[in-house]
Amino acid sequence: MKSYNHRQIEGRWQKVWAQKKLNCVNDRSRKKKFYALVEFPYPSGEGVHVGHVRGYTAMDVVARKRRAEGYEVLYPMGWDAFGLPTENYALKTGLPPQLITKRNTTRYRKQLQSLGFSFDWSREINTTDPNYYRFTQWLFLQFFKRGLAYKAKVPINWCPKDKIGLANEEVIDGKCERCGTVVEMRDKEQWMLAITKYADRLDRELDLVDYPESIKTQQRNWIGRSEGVEIGFKIINPTPPPLPEGEGEFGYQTTDPKTWLVLQEKVKEMRQSPTRAEDLLWQAVRNNLSGCHFRRQHIIGKFIVDFVCLEKKLVVEVDGDIHDFQKESDQERTNFLEQKGFKVIRFKNEKVIGNGVLVVAEINEALEALSFGEGWGGVDSIKVFTTRPETIFGATFIARHGKTDRFTGEYAINPANQEKLPIWEAEYVMGDVGTGVIMGVPAHDERDLAFAKKHNLSLVDKPLVDKDEIIKLVGGKKVTTYKLRDWVFSRQRYWGEPIPLIYCQKCNEWWSVPDKDLPVELPKIKKYQPTDNGESPLASVGSWVKAKCPKCGGPARRETDTMPNWAGSSWYYIAYLMSEKIKTKNLKFSTFNLKHWLPVDWYNGGTEHTTLHLLYSRFWHKVLNDLKLVPGKEPYQKRTSHGFILAQNGEKMSKSRGNVVNPDDIVRRFGADTLRVYEMFMGPFDQAISWNEDGLIGSRRFLERVWKLVQSAKRKTCLTVGQAKNFESPLLNQTIKKVGDDIEQMKFNTAISSLMILLNSLEKESAVSIATMKVFLKLLSPFAPHLTDELWHELGEKKSIHLAPWSRELKTQNSKIKVRIVIQINGKVRDILEVENDLSEKELTGLAMNQPKVKIWINGKSIQKTIFIPNRLINFVVDNN
RNA sequence: GCCCGAGUGGCGGAAUUGGUAUACGCGCACGACUUAAAAUCGUGUCCCGUCAGGGAUGUGGGUUCGACUCCCACCUCGGGCACCA
């Protein structure tokens with residue numbers, strides 16, 4: 001071959017490597033293991049991004065170096081294929097997501113293979129493969145069985161026009177991405193994972209791993225551990241709050257008068273025809289609890305309660321059978337009443353009829369408990385969270401979370417000095433931080449100050465005191481709080497893992513789908529549109545939803561929510577180790593491989609995943625570790641991140657901007673090796689950088705010059721002479737060291753620049769030995785695997801360059817090396833001397849003093865001090881008069 | 001507002017962690033080869049100055065024999081969190 005032609009080289013070597021199974025890993029190898037991991041891509045319709053190439057090349061370089069160092073290296077690849085874009089594409093086109101995914105992964109695989117990455121493709125995984133998500137579901141059930149998965153009401157983004165719940169990323173400026181309608185918040189019952197139970201460990205155990213400080217900081221900020229003190233403040237109420245308008249002294253007005261009138265009609269009707277149980281209970285409370293005035297069928301808010309004692313704020317409800325079917329609305333009603341400060345107790349009809357005495361006793365008990373409260377609200381104290389308890393003497397008000405700023409009419413007593421502090425509701429106080437209540441110290445805290453000034457509250461003039469002392473004085477309790485919230489694990493979508501639970505009405509209970517029935521497979525459907533009450537599209541597949549209760553065998557229904565796409569990626573590093581098990585449908589975890597390969601030794605990925613994905617998968621790993629399913633507390637020993645690649649103009653690459661660089665195009669025109677070398681050379685690996693096609697040309701030229709140099713080395717006859725000469729070259733040794741060190745630190749740009757320096761120098765030699773050329777090729781091989789293997793064979797080698805050991809620094813025969821010594825006078829460079837290495841200060845001073853330039857500068861002045869750095873510098877400090 | 005990170009030629013960026021600032025690459029200029037162009041190769045390329053020398057690493061101070069590197073204050077840009085008590 002006359003000139004470097006990447007098209008003839010690259011495909012051919014890729015085939016050879018695949019045939020010889022160069023990258024297939026032996027789980028039972030005696031060699032030291034090395035698990036190299038990169039984030040598996042989401043196979044979108046856009047194809048591989050040059051940003052993927054950056055991260056994958058980097059780990060490929062590391063993996064190839066480790067293999068050459070004698071490690072058994074696992075470097076796997078797969079597809080994180082569940083997610084919204086595919087579902088949206090399915091909605092638009094009507095094509096099944098399964099088909100879209102298949103197309104996209106086929107394309108991605110081809111693209112990645114064309115780049116010559118040393119992935120072990122025999123372990124390829126796909127999160128949307130039912131065999132894969134059988135495990136994801138099974139793992140979820142382990143969480144569920146340990147009480148780490150629970151249902152809770154959570155506000156979701158709701159588009160009232162499209163009638164669907166939206167993911168956060170589908171809400172742009174508070175509006176629906178598709179139709180532009182303003183998004184509302186709606187409460188919806190969702191499955192949650194109790195990640196906050198692991199908050200402390202997720203924070204503390206960061207000490208065990210080798211992540212850059214910036215990533216640890218980001219994770220810690222996200223977890224938001226904060227140590228503070230909870231202090232109880234007694235509430236007093238010298239004057240009742242202003243009476244709400246309405247029915248009477250203790251009335252509570254409904255939201256609008258019309259509703260109230262309608263309710264009033266209903267009340268009359270209900271009073272006229274009470275149920276038997278209601279009637280019995282009414283007699284009982286009137287006769288036996290005469291100390292307390294009860295009312296029947298009373299309107300509070302938009303609800304009609306059965307019995308109420310307004311003075312003590314006690315509500316008694318009598319439930320008929322119908323209540324079994326309206327648990328949710330009953331709960332809503334209870335929540336509302338409790339918010340208003342009422343205590344609610346419920347009795348079943350049968351109980352009232354069967355044992356009225358017991359019911360009355362229970363009501364009495366509740367009343368007595370309430371009478372201890374001094375308050376209007378039935379609450380006698382309020383808990384305040386603070387990280388600065390020592391400022392308590394400065395507190396002038398108390399603020400709890402509210403939608404508008406207003407005085408509640410209540411007062412609290414400062415436990416430190418018994419001062420009376422007004423209780424306010426304030427917008428700036430957040431309901432879910434600490435206890436949702438703060439003490440206002442309008443001096444040290446600027447928001448407290450601003451709030452106090454605005455509402456004319458008094459400002460601080462009290463001294464501060466010692467911290468621990470004050471906690472004792474006021475009876476405070478040290479508590480640790482976290483910013484981290486539990487993980488909303490439900491999605492009302494089709495394209496995700498179905499949550500494998502069944503609800504039985506009769507048992508009134510959620511049950512796990514039995515292991516033998518896993519996976520709960522996604523049914524094939526025609527419409528991917530969510531239902532208009534916000535349920536997943538799965539909810540409309542009647543035959544799929546209908547199930548048998550695993551406990552009682554009665555009729556039951558499946559959960560129709562699916563998991564978020566973080567689920568499959570939370571354990572994929574484990575899945576690679578069990579890819580055989582996944583294929584054979586064996587539900588058991590294969591612990592041998594896990595013990596052998598975990599933890600991941602080096603995990604590289606994008607900076608955008610340093611909080612959520614990393615945190616979630618660390619959480620899963622810890623839970624699985626507690627269940628003895630995986631070894632070790634942490635999944636990833638070392639984490640690095642690569643910077644974004646931006647478009648040439650510095651903008652984000654996107655289809656809509658039309659500035660996407662297609663790797664296929666680069667591979668065709670310049671070759672995979674050029675692309676790889678360029679991406680490693682373009683700039684510091686961890687920083688964002690703009691694409692620049694001019695830079696690509698430099699990398700291509702570099703490879704062409706390597707090609708030419710090998711051709712000329714082959715032609716020259718005086719090989720033996722050249723061999724001796726170049727093997728002693730200090731530059732060659734320097735380069736071996738530099739490339740090796742730089743790869744370890746991911747300073748790929750300088751690794752390549754040092755190879756360029758060596759090449760420049762070799763080109764100037766009259767002859768370069770084959771042996772030197774081989775060292776050079778080996779150092780370059782992780783970056784440009786195709787070209788180097790080709791040239792390696794041209795130099796007479798029979799086996800692949802990728803099987804050859806990593807180059808070591810060579811012991812030089814001649815220890816006398818020339819070094820350049822800088823001569824300074826008062827810190828300024830005045831001359832440079834080229835001398836033998838390891839000269840002493842005395843020898844060097846003698847030499848330097850004889851230099852004409854030095855003589856001129858010293859010129860009779862006395863030397864005050866000499867600074868000597870061996871093999872580098874000598875500095876004379878002279879009097880400057 | 002808080003927490004990370006970064007400011008060096010026309011451009012991407014080096015600098016052994018306090019010791020020759022501008023390596024390497026791109027671009028540009030000139031030269032060689034060519035009928036010519038491309039490609040390739042060679043030489044040059046921070047600023048002022050003919051030289052000697054002087055000045056430059058966002059700005060202003062400081063420490064040091066010596067500062068891109070350490071300290072203080074400020075400015076600009078990128079990323080993350082955002083009323084976090």
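Sequence lines set the chain letters: A, B, ... in the order given, protein chains first and strands last, and positions in each chain run from 1.
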Taking the six-membered ring for Trp, are the ring centroids of [X] and [Y] within less than 6.0 Å of each other?
X: A:Trp424; Y: A:His455; result: yes
X: A:Phe681; Y: A:Phe685; result: no
X: A:Tyr678; Y: A:Trp691; result: yes

At under 4.0 Å between heavy atoms, what does [X] touch on the DNA or RNA strands: base, sugar-phosphate, or nothing?
X: A:Ile697; result: nothing
X: A:Met430; result: base
X: A:Asn692; result: nothing
X: A:Lys828; result: sugar-phosphate
X: A:Gln824; result: base
X: A:Arg705; result: sugar-phosphate
X: A:Ile757; result: sugar-phosphate
X: A:Arg701; result: sugar-phosphate
X: A:Val429; result: base

So, does [X] get its side chain near the phosphate of [N], meaning an N or O under 4.0 Å from OP1 or OP2?
X: A:Asn760; N: B:G25; result: yes
X: A:Arg700; N: B:G25; result: no
X: A:Lys738; N: B:C24; result: no
X: A:Asn221; N: B:G80; result: no

How many whole angstroms separate atom [atom1] of [X] from atom [atom2] of [N]?
X: A:Ile825; N: B:G54; atom1: CD1; atom2: P; answer: 11 Å
X: A:Ile874; N: B:G66; atom1: CD1; atom2: C1'; answer: 14 Å
X: A:Asp742; N: B:A15; atom1: CG; atom2: C1'; answer: 12 Å
X: A:Phe702; N: B:C41; atom1: CZ; atom2: P; answer: 13 Å
X: A:Lys708; N: B:U40; atom1: NZ; atom2: P; answer: 7 Å
X: A:Gln745; N: B:A14; atom1: CD; atom2: P; answer: 13 Å

Strictly by Watson-Crick or wobble contacts shorter than 3.5 Å, is anything paired with [N], and which nucleotide is it?
N: B:U76; result: B:A6
N: B:G19; result: B:C65
N: B:G1; result: B:C81

With respect to the side chain of [X], which nucleotide from [options] is positioned closest?
X: A:Phe681; options: B:C24, B:U20, B:G13; answer: B:C24
X: A:Ser753; options: B:C81, B:G13, B:A23; answer: B:A23
X: A:Lys483; options: B:C81, B:C3, B:G19; answer: B:C81
X: A:Thr750; options: B:C65, B:A15, B:C24; answer: B:A15
X: A:Trp857; options: B:C4, B:G53, B:U20; answer: B:G53
X: A:Lys747; options: B:G54, B:C83, B:A15; answer: B:A15
X: A:Asp694; options: B:C26, B:G19, B:G13; answer: B:C26
X: A:Ile867; options: B:G12, B:G19, B:A85; answer: B:G19
X: A:Gln687; options: B:C4, B:C81, B:A6; answer: B:A6

Whether the side chain of A:Asn871 engages the backbone of A:Asp838 through a donor-acceptor N/O pair (distance < 3.5 Å, no angle test) should be reported. yes
Whether A:Gln648 side chain and A:Ser690 backbone form a donor-acceptor pair below 3.5 Å: no
Check the chi torsion on B:G58 and let me know: syn if it falls within 90° of 0, anti if not. anti
Classified by glycosidic angle (syn within 90° of 0, else anti), B:U69 comes out anti
Starting at CG of A:Asp486, measure out to CD1 of A:Ile195 and round the result to the nearest 0.5 Å. 8.0 Å
Find out whether the Lys NZ or Arg CZ of A:Arg639 is both under 6.0 angstrom from the six-membered ring centre of A:Tyr603 and within 45° of the ring's axis. yes
Check if the side chain of A:Arg872 and the base of B:U16 share a donor-acceptor pair of N or O atoms closer than 3.5 Å. yes
Check this for me, if you would: do [X] and [Y] make a salt bridge, where the nitrogen-to-carboxylate-oxygen distance has to be below 4.0 angstrom?
X: A:Glu809; Y: A:Lys737; result: no
X: A:Glu704; Y: A:Lys708; result: no
X: A:Glu679; Y: A:Arg54; result: no

By nearest-heavy-atom nucleotide on RNA chain B, the more 5' of A:Arg830 and A:Lys865 is A:Arg830
Quick one: which protein N/O atoms are closer than 3.5 Å to N/O atoms of nucleotides 29-31 of chain B? Pair and distance per line, please.
none

